[in-house]
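A short write-up of the structure that comes next.
These numbers come from the heavy atoms of this one structure, side chains and all, not from hydrogens, waters or symmetry mates. Here the structure is a predicted model, which means the values were calculated and not measured.
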Amino acid sequence: MITISFYSYKGGVGRSLTLANLGVYLAQFGAKVVMIDFDLEAPGLHYKIRPGEPVELPERGIAGLLADVSRGTPTDSLDLEIAVDLSVHAALVTGSDEDAVGGSPTGQLHLIPAGNPLAPDYWADLAAIDWDRLFISDGRRGVSALSQLKTHIEENLAPDVLLVDSRTGITPGGGVATTLLPDVVVTMMLNTPEHLDGSSLVVSAVAATERGEAQGPRVVPVLSRFTSAPVEERPPRPGGRVRSREQLRFPDFPPERVNDAPLDELRSRLIRDLPSQVADRVGSPLVLHSDPSLEEQEYLAFGPYARARLGQLGQTLLEDYLRLFAGLVPNDLFLRYLAGVREHVRSIILDRPDDAVRTLESLATLVGDEDAFIDLVKVYVLRRDSRKLIQAAEGLFRIHDRVVPHPALTKELQNLVVGRARGRVVGEGLVVSPEFVERYWREAARDDLEWGATIARLYADREQVPDARRIAEELVAADGSAKAIADVVRLVSQGGDTAERLAVELATKYFEAAGESTAFLTAAAIACRYQGDEDLAVRILDSPASQTLPDGLLIEVLSIAERFGDAASLFLATYGSAAPDDVHVDSLRQLWETLHRRVPRLRLEIREQNPELFVQLEGQDENPF
């Protein structure tokens, strides 16, 4: 049995709701769970399990138990049968008919309540509790009573997980819930000085706890109800390329909220006064984002009462929960029960395929079960549903930090990423994160340079320039050929403004290694054209291979290098020698429209060299030929 306590220095952090979600989540997949409501002054777990309608409670609970001990009842005479069976409220719903896996709740969920706060004796019991006598003096009889309760739970309910909802503040009773009972303490806090300073005191005390020869609990800090700053849209660069949505190779990323939670700073603050061996017990902080819909009414994210409609940040919060739960509970706990769930799926796959698929989706997304994910891949392939296939794969990565390569998934993901890079519309509106694509690429298609360079561009378009540069330079180092360098520069330059700047940087860095390659010069010239980089333009023109560049591209590079006379002469020669039906005429006229706005001096050069042609180019509608 693993015991996990949830603590907060102050209320209002969603502590009880998070605990209730974990309890229901574990029970859904077969685990035996017992929850203890130790928040005696404000008991509320019975409200969380069935939001909007609290579950019925017995007259007695933890408050009555501790009151009896305070009144002198011997600890070996205590009535420890105070658990309430709530398993029916933790069914794994697989279909619209609310059919639970196996026909009944999968696991077991029990609640040991604080007591019934609506009963007249509850507050009398609470007033009778002598905390000092129970946990500080007189043999600490409260510690003995709670130890007996824990033993009783282990022997009679045999839970896999015991969850304890601790009291807020720094109190003797809260100390028991955070040091005597648990193996893990989840310390939840808001990002305010009051919460952080108070939580720091408790984290120090909990982490430093010793239990004879055993170490104290592991501490998991959680920054709760965090609201990130929205991404600010940058104004277009003056003089830069103006792109319509249709011209974008990749669709715009949807409005997001950046996870800018100060987690590293938070951990540093929590462990600043701890010796290293104690600080090691404090884990990396996690974050639970704010969800506006919870401000209207609390609801569970899991189980039969889960709200179908999540809030604006609902999906983010759901994934935050799952990431937290995956780090709290050993994965082998689920493995004990998955066989029964898979057997249920096999039994209904023909008669109720949609219900079977929903159950597989739950196993893959919530539990991270690889076998269930592979079964899902097969189903999505049969249904030709590439969108859900890719979304399921990215969900597995985001929540469980895992990718499962599969030939069908590799093909679809490559079509999505590289297909868009080639201008094909693939998976309209479907957006994937570069982190997921990179991980999958590394495990399934590491030798695909085009895929890798496209990932670098994705990073650049997300303003993650160090990651973009890392991927690009890794690709060059792995191959080293001029063609590979050219391909990387060319593919990166097809992104937005930041990607274009990176392409110029790469072209400049690797110019000595590839500067005599026509393919590289062409890629470098394209990057140079978009960014108007004069230094790179000069280096391109100084290369012996520069004359192999297409005329239109060479004209632009000459203009960027401020060799306006040469640019004008080449433009006149190219334009003047073109046949009336030459396909390049239109592109040359479009080039003129760009050049004469960008480079006024070039316009003057052509006006002086060929006044008649200048008149034709200055807005005449008729064909000059």
Side-chain angles (χ1 to χ4, degrees), residues 3-27 33-67 82-90 109-127 129 146 149 161-169 171 173-174 176-178 181-182 185-190 195 222 224-225 288 290-291 293-307 317 321 324-325:
T3 303
I4 305 172
S5 282
F6 283 74
Y7 169 83
S8 62
Y9 177 69
K10 295 182 69 67
V13 299
R15 183 191 69 244
S16 299
L17 185 64
T18 302
L19 184 151
N21 270 302
L22 176 56
V24 172
Y25 167 73
L26 293 171
V33 182
V34 174
M35 304 180 297
I36 300 179
D37 193 344
F38 213 89
D39 189 2
L40 306 188
E41 285 79 5
L45 275 180
H46 58 297
Y47 285 96
K48 313 300 182 186
I49 297 301
R50 185 170 58 188
E53 184 181 355
V55 297
E56 294 183 8
L57 295 178
E59 293 292 323
R60 286 177 49 79
I62 294 293
L65 182 71
L66 294 179
I82 54 177
V84 182
D85 189 349
L86 302 180
S87 301
V88 69
H89 302 296
L109 182 66
H110 285 84
L111 170 64
I112 296 179
N116 187 346
L118 300 182
D121 293 338
Y122 179 80
W123 300 103
D125 285 340
L126 186 61
I129 298 175
L146 291 178
L149 176 62
V161 181
L162 176 63
L163 303 176
V164 182
D165 193 11
S166 176
R167 303 172 70 199
T168 57
T171 63
V176 172
T178 55
L181 296 175
V185 176
V186 178
T187 305
M188 301 181 64
M189 64 204 78
L190 302 183
H195 277 260
V222 175
S224 182
R225 297 190 172 172
L288 296 179
S290 176
D291 187 335
S293 64
L294 290 177
E295 298 175 4
E296 303 171 6
Q297 179 184 351
E298 288 190 331
Y299 62 93
L300 292 176
F302 308 97
Y305 308 118
R307 283 268 291 272
L317 180 59
Y321 277 141
L324 170 63
F325 299 167

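Between A63 and I129 the shortest heavy-atom distance is O-CD1, 3.8 Å. Taking both residues in full, the closest heavy atoms of V13 and S8 are given as CG2-CB, 3.5 Å, listed atom of the first, atom of the second, then distance.
Once rounded to the nearest 0.5 Å, the distance linking CE of M35 with CG of L86 reads 5.5 Å. Once rounded to the nearest 0.5 Å, the distance linking CG of L300 with CG of N21 reads 5.0 Å. The CG atom of L111 sits 10.5 Å away from the CG atom of D85 when rounded to the nearest 0.5 Å.
Taking the side-chain contact (heavy atoms from CB on, under 4.5 Å) definition, one finds that R225 meets it with L190, E298, sequence neighbours left out. Residues satisfying the salt bridge (charged side-chain N to carboxylate O under 4.0 Å, His left out) criterion with E53, sequence neighbours excluded, are R50. Partners of F325 under the ring pair (Phe, Tyr, Trp, His ring centres under 6.0 Å) rule, at least two apart in sequence or in another chain, are Y25, F302, Y321. Applying the side-chain hydrogen bond (donor to acceptor under 3.5 Å, both in side chains) criterion to D121, with sequence neighbours excluded, gives no partner residue. Looking at residues two or more places apart in sequence or on another chain, you find a side-chain contact (heavy atoms from CB on, under 4.5 Å) between A83 and H110, I112, L157.
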Indicate every side-chain donor-acceptor pair of residues 36-47 with a distance under 3.5 Å to a residue at least two apart or in another chain.
from, atom 1, to, atom 2, distance (Å)
D37, OD1, D39, N, 3.2
D37, OD2, G44, N, 3.1
D37, OD2, L45, N, 3.2
D39, OD2, R15, NH2, 2.9
E41, OE1, R167, NE, 3.1
E41, OE1, R167, NH2, 3.4
E41, OE2, R167, NH2, 2.4

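D125 places none of its side-chain heavy atoms less than 4.5 Å from the side chain of Y122. Between L149 and I62 there is a side-chain heavy-atom pair separated by less than 4.5 Å. With contacts defined as side-chain heavy-atom distances shorter than 4.5 Å, the pair T18/V186 does not qualify. Considering only heavy atoms from C-beta on, L22 comes within 4.5 Å of F6 through its side chain.
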